Structures are given as structure tokens and as C-alpha cells.
Amino acid sequence: MKNQQFGNWQTTVLAIVLAILALVGLNSFIIINPGQAGVISILGKARDGALLEGIHLKPPFISAIDVYDLTVQKFEVPAESSTKDLQNLSARFAINFRLDPIQVVEVRRKQGTLENIVSKIIAPQTQEAFKIAAARRTVEEAITKRSELKEDFDNALGDRLDKYGIIVLDTSVVDLTFSPEFAKAVEEKQIAEQRAQRAVYVAREAEQEAQAEVNRAKGKAEAQRLLAETLKAQGGQLVLQKEAIEAWKTGGAQMPKVLVMSGDSKSNVPFIFNLGNVENKP
């Protein structure tokens, strides 16, 4: 009986020891996945050197591991500023960034969680960077030179976040809005420009029509000059022929009732004698 109780006690003790060893073993290592970095803290103090992907040993029960995502993160951050001409300008930026694995321990010590990084570091630095970029140009230049505005913003934001262990990969201007007064002024300016363009078009059209009239007049004058020279060279016979033909046309383009040809061989002009006119005379 005693031997049986002793055997049961040994089994229980062995089971407890194995459970403790298993628990210690499970708490003696950690696996860091690709795209992650870990910061080990022993008794509440962060140890230098980030834990990169792979398996790592750690002191059981007295250590804690904070794992940070090193892949690309995206957050939209609003910003407001005044332009060079003192116009209010609002924007919304999409920030693509990731944490620097070399500085992730400092990030853990100074900023803490990713939420703190966004709210306490990225958001206010985005605001300051936008103020720097917007103050260099007028509100109209912010529209016409939007790419330059973004470039200045990127440079300012990258310089400010680099010292916090945050690497800015890209930014996008999601929205860019202006004050209602400026929007109305822009609309009125566009309407005025459209009216001015319309006036210029009408003026050019009138100028072209006038030039066309001049060209037609010049062409007609030139034709008359050539006709006069031709008639002069042929003794004026062509003029008479032309007038006779025109007379036929104005009379309904009908042949005369009596047609008398000149006996002069040099004259090709018919003499028109309307018999109807003679019959009507008393």
C-alpha cells in the first residue's frame, strides 16, 4: 500500500516537473515572422538590438516582447495652412510609411505603440510640413503647381520623420480645398476669361470676314482690269457682245423677233430690233 502511494506521489511530482519544464521552454523563445521586428524588455527595461525574423531565446517569466510591423503602413492625415497670399488652404494626405528596423528600439522607448506614432508624431509633423510647403506659394500657385507643392511637402515631412525612425515612402494629396470666397473668385475669373475668349473669337471672325471682302474686291477689280485690257486690245467689240447677251437675259433670255446682222465683217455684234415695239406705235 505504501509502495503504491509512493508511486502515485512520484508520478504526480514528475508530471508537475514536466509541466514546469514545458512552461519554461515555451517562454524561453519567440519566433519573429518576416516583416516584423521585436523589442525585448527584461524587468521593464528595453534591451538594445531589435529582434529580426527568426527564432530568439529570451529569459522566461521576467521578459516581454513587443512586436512591430515593418511592412508599409498607410494613414490619412488632415492638414490646414495659410498660403503666401494669406488664403486658407485645407488638405488631406495619405501617408505611406514604415518603421526603420534599426531604430525600432528607440521607437519603443520614446513613442510606444503604432497608434501613438500616428497620433503623436506623424499627424503633427504632417501639419508642420504642409505649413512649410503652402507658405512658399499663393493659393493660385497651389493649384497650378500642385506637383511642386507636393514635392516640398514630401521633403519637409521626410526630414522631420526620419529622426523618429519613420521612413516615408510616398504621399498622396487626397483632397485640396479652399475657402468659399476664393472658390467664388475662381469661378468668376473663369467666367470672365471665357467671355474674353469669346470676344477675341468674334473679333477674329469679323477680321477674317473683312479680309475676305477685301480679297473679293481685289479679285473683282483685277478681273475688271483684265477685261478692260482685253476689250481695249480688240477695239471694244467684246463689250458690245457682252451687253447684247446681257440684254437677252434680262428680257427673259428670249431671242428677239427681228435680228439684223451688221454688214461690217469686223463687227460681230447683232443689232436687236423688237418688232413688237413697232406694232405698238401709232
Side-chain angles (χ1 to χ4, degrees), residues 1-79 92-130 132 153-172 174:
M1 186 69 179
K2 291 182 178 180
N3 291 334
Q4 186 178 1
Q5 291 178 350
F6 181 76
N8 293 337
W9 180 82
Q10 285 182 329
T11 302
T12 303
V13 171
L14 181 60
I16 294 174
V17 171
L18 291 176
I20 293 174
L21 291 176
L23 186 61
V24 170
L26 292 175
N27 284 273
S28 297
F29 67 91
I30 185 172
I31 298 175
I32 303 298
N33 296 318
Q36 294 179 337
V39 179
I40 182 171
S41 300
I42 300 176
L43 297 176
K45 182 179 181 181
R47 193 174 68 178
D48 295 335
L51 305 179
L52 302 180
E53 60 181 88
I55 186 169
H56 301 273
L57 297 175
K58 67 182 185 70
F61 308 115
I62 61 172
S63 63
I65 304 295
D66 295 296
V67 179
Y68 288 86
D69 191 352
L70 299 181
T71 59
V72 178
Q73 306 292 322
K74 178 182 178 181
F75 287 92
E76 290 190 8
V77 182
R92 191 171 188 84
F93 293 93
I95 312 297
N96 293 330
F97 69 94
R98 64 181 180 86
L99 299 179
D100 187 353
I102 299 177
Q103 301 187 53
V104 71
V105 176
E106 290 300 317
V107 172
R108 171 63 182 85
R109 289 171 176 169
K110 295 179 179 180
Q111 283 82 48
T113 63
L114 184 62
E115 290 75 12
N116 287 340
I117 293 173
V118 173
S119 62
K120 297 181 180 180
I121 303 299
I122 295 180
Q125 295 303 330
T126 297
Q127 178 70 39
E128 292 301 317
F130 182 57
I132 294 174
F153 171 78
D154 289 347
N155 294 334
L157 183 63
D159 294 339
R160 287 176 167 270
L161 294 184
D162 183 66
K163 60 184 178 181
Y164 293 102
I166 302 171
I167 301 174
V168 178
L169 302 176
D170 188 27
T171 65
S172 301
V174 178

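Predicted model only: the values in this text are computed from it and were never measured.
Looking at Arg160, its side chain never comes within 3.5 Å of a backbone N or O of Ala129 through a donor-acceptor pair. For Glu106 (side chain) and Gln103 (main-chain N/O), no donor-acceptor pair under 3.5 Å exists by modelled atom type.
Between Asp159 atom CG and Leu161 atom CG the span is 9.5 Å, to the nearest 0.5 Å. In this structure, CG on Leu157 lies 10.5 Å from CG on Asp162, to the nearest 0.5 angstrom. Distance check: Ile121 CD1 to Gln111 CD gives 4.5 Å after rounding to the nearest 0.5 Å. Rounding to the nearest 0.5 angstrom, the gap separating the CZ atom in Arg98 from the CD1 atom in Ile166 is 12.0 Å. Between the CZ atom of Phe29 and the NZ atom of Lys58 there is a distance of 9.5 Å, given to the nearest 0.5 Å. If you take CD1 on Ile31 and CG on Leu51, they are separated by 12.5 Å, rounding to the nearest 0.5 Å.
The aromatic rings of Phe93 and Phe153 sit parallel, their planes meeting at an angle under 30°, below the 60° perpendicular limit.
A 4.5 Å side-chain heavy-atom check between Ile40 and Ile30 finds every atom pair outside the cut-off. In this structure, the side chains of Leu43 and Pro59 stay at 4.5 Å or more apart for every pair of heavy atoms. Residues Phe97 and Leu169 have side chains not in contact (no heavy-atom distance under 4.5 Å, counting atoms from C-beta outward). The shortest distance between side-chain heavy atoms of Asp154 and Val168 does not fall below 4.5 Å.
Among all heavy-atom pairs drawn from Arg92 and Pro78, the shortest one is NH1-CB, 3.6 Å. Closest of all the heavy-atom pairs between Ser119 and Pro124 is O-CD, 3.5 Å. Shown here for Val104 and Ala50, the closest heavy-atom pair between the two residues is CG1-CB, 3.2 Å. Closest non-hydrogen pair, Ala79 versus Gln127, comes out as CA-OE1, 3.2 Å. Of all heavy-atom pairs spanning Gly38 and Ile65, the tightest one is CA-CG2, 4.4 Å. Across Tyr68 and Arg108, no two heavy atoms sit closer than the pair OH-CD, 2.9 Å.
Using a cut-off of 4.0 Å between Lys/Arg side-chain N and Asp/Glu carboxylate O, Arg109 and Asp48 are scored as salt-bridged.
Surrounding CD1 of Ile102 are at most 12 heavy atoms belonging to other residues, nucleotides or ligands under 6.0 Å away.
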Check against side chain to side chain contact (heavy atoms under 4.5 Å, CB included), Ile32 and Leu52: CA-CA 6 Å; Ile32 303 298; Leu52 302 180; 5.8 Å; no
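Considering Leu70, Thr71, Asp69 as possible partners of Leu99, the one that fulfils the side chain to side chain contact (heavy atoms under 4.5 Å, CB included) test is Leu70.
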